[in-house]
Amino acid sequence: MDTVESLRDELLGAVSAADGLDALDQVRITALGKKGRITEQMKGLGKLDPEARREAGQMLNALKDEVAAALDSRKSDLARGALDAKLASETLDVTLPSRHEARGRIHPITQTIDELTAIFTEMGFTVADGPNIESDYYNFEALNFPPDHPARQEHDTFYMAPNADGERKVLRTHTSPVQVRHMEKNTPPIRIIIPGRTYRSDHDATHSPMFHQVEGLVIDKKTHMGHLKGCLTDFCRAFFKVDDLPLRFRPSYFPFTEPSAEVDIGCSRKGGGLTIGAGDDWLEILGSGMVHPNVLRHAGIDPTEYQGFAFGMGIERIAMLKYGIPDLRPFYDTDVRWMRHYGFVPIAQPTVAGGL
Ligand code: PHE
C-alpha cells in the first residue's frame with residue numbers, strides 16, 4: 001500500500017515540522033479532522049472488497065494511532081519549550097550584590113536610638129513622644145518639683161519669652177514630662193520608651209545645650225523594683241553586648257521617683273583605655289526609680305491601684321561609651337569626615353536578632 005506509506009511519511013513529517021502549538025493543531029485537523037486525510041481514506045474503505053478492506057482498515061487504524069501518538073508527543077515538546085522560553089524571558093537575577101558605596105551615613109545618635117528601640121520593642125515597649133517646648137507644669141510641677149525647689153535650678157532651664165498670658169514656656173530639660181502626658185491619655189498597663197531632644201543651658205566638652213535622652217515608663221498593678229532592675233540589666237547587657245556586664249544600683253534622689261537609683265555599669269580603665277564589662281571601676285549611665293505617687297495622681301492614675309518604674313538615660317553618653325567616641329562636640333558639627341568615621345552604613349539596620 002504505497003499510499004498509506006507515503007501518507008504516513010507526509011503526516012509524520014508535518015508533525016515534526018510544526019514549530020508551534022497552532023501549527024501543530026493545523027496538522028491534527030489535516031490528518032484526523034472530519035475532512036482529514038486519514039478520515040477521507042477511511043471513508044473510501046467501503047468501496048473495497050472485504051479482504052482488501054480488512055487489510056487496508058488495519059493499516060489505516062495503525063496509521064491513525066501512530067499519527068495521534070506523534071501529535072501528542074510533539075505537543076508536549078512544544079509546550080515545554082514554550083514554558084522554558086517564557087521562564088527564560090522572565091528571569092530576574094537576584095544574585096547581584098547590593099551597592100555598598102552609598103556615601104551617606106547614619107548619625108551615631110540615630111543609630112543608637114534605632115538600637116535601643118530594637119531592644120525595648122522586643123521587650124514589649126512601644127515608642128511615645130511629646131513636645132520639645134513645654135509648660136512649667138509638665139516639665140516640673142506635675143513631676144513633683146515643688147515651686148522653689150533647688151532641683152529646678154539644677155536643670156539650667158532655657159525659658160522662652162512670656163506669651164500673651166504671661167506664661168513662660170520652657171525647652172524641656174528632660175524627657176520625663178512625656179510620662180505625665182502619656183499617663184493622662186492612656187490607662188495602665190503602660191510600657192513606653194520616649195527617645196527625644198532635651199535642652200539645658202550648659203556648654204562644655206561634656207555638655208551640649210541640646211542633647212538626647214530616652215525615657216522609659218512601666219506602670220501596672222504589681223510592677224516593682226525587681227522589674228526595674230531586671231529590665232535595665234537586660235537592656236544594658238544587650239546594648240553593650242556584654243553578657244555578664246555588672247550593674248550597680250546606687251541610691252539617689254529625683255523628685256518624681258521614690259525610691260530612686262542611679263545605675264552604674266562595670267568598666268575597667270587599666271592600660272589607659274576604657275573597657276566596658278567586669279572591672280575595677282564604675283560608670284554612671286542612667287537615673288531611675290519607682291514613679292512617685294504624686295506623679296501618678298497628677299496624671300489621673302490612682303496610686304493605690306497602680307505603681308511602676310521610670311528611667312532616663314543620655315543617648316550621647318551611651319553612644320560615646322559603646323562606640324568609643326571621645327568628644328561630645330563633633331556630634332553636632334555636621335563634619336562629613338567625622339560622619340564617615342563614626343557614622344553607620346545605611347543598609348545595616350540594627351535588630352536584636354541580626355546584631356546591634
Ligand atoms: N529625668 C531624669 C534626668 O533628666 C532622669 C530620670 C528619669 C530619673 C526617670 C528617674 C526616672 O536626669
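Numbering of ligands and ligand atoms starts at 1, following listing order.
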Regarding T173 and D156, do their side chains bring together a donor and an acceptor under 3.5 Å, going by distance alone?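 D156 and T173 do not have a side-chain donor-acceptor pair below 3.5 Å.
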At a non-hydrogen distance cut-off of under 4.0 Å, which region of R172 contacts ligand 1 (side chain, backbone, both, or neither)?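 Answer for R172: neither.
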Heavy atoms only, cut-off 4.0 Å: how does S260 contact ligand 1, side chain, backbone, both, or neither?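 Within the 4.0 Å criterion, S260 makes no contact with ligand 1.
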Please verify whether a non-hydrogen atom of E262 lies at under 4.0 Å from ligand 1.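 No.
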Say whether Q213 and ligand 1 are in contact under the criterion: heavy-atom distance to a ligand atom below 4.0 Å.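 The answer is yes: ligand 1 sits under 4.0 Å from a heavy atom of Q213.
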As an exercise, identify every atom of ligand 1 less than 4.0 angstrom from a heavy atom of [X].
X	answer
F311	7 (C), 9 (C), 11 (C)
S176	1 (N), 7 (C)
S288	8 (C), 10 (C), 11 (C)

cation_pi(R181, Y138) dist<6.0 Å, angle<=45: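 Verdict for Y138: a cation-pi partner in R181.
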Compute both the distance and the angle, then confirm whether K322 meets the cation-pi test with F239: under 6.0 Å from the six-membered ring centre, within 45 degrees of the axis.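 Yes, cation above the ring, under 6.0 Å and within 45°.
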For atom 2 (C) of ligand 1, closest protein heavy-atom neighbour: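 Among all protein heavy atoms, the one nearest atom 2 (C) of ligand 1 is F256 CZ, 3.7 Å.
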For atom 5 (C) of ligand 1, find the nearest protein heavy atom and state the residue, atom name and distance (0.1 Å precision).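 Closest protein heavy atom to atom 5 (C) of ligand 1: G312 CA, 3.9 Å.
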Between [X] and [Y], does any side-chain N to carboxylate O distance fall below 4.0 Å?
X	Y	result
E305	K221	yes
R37	E40	no
D264	R250	yes

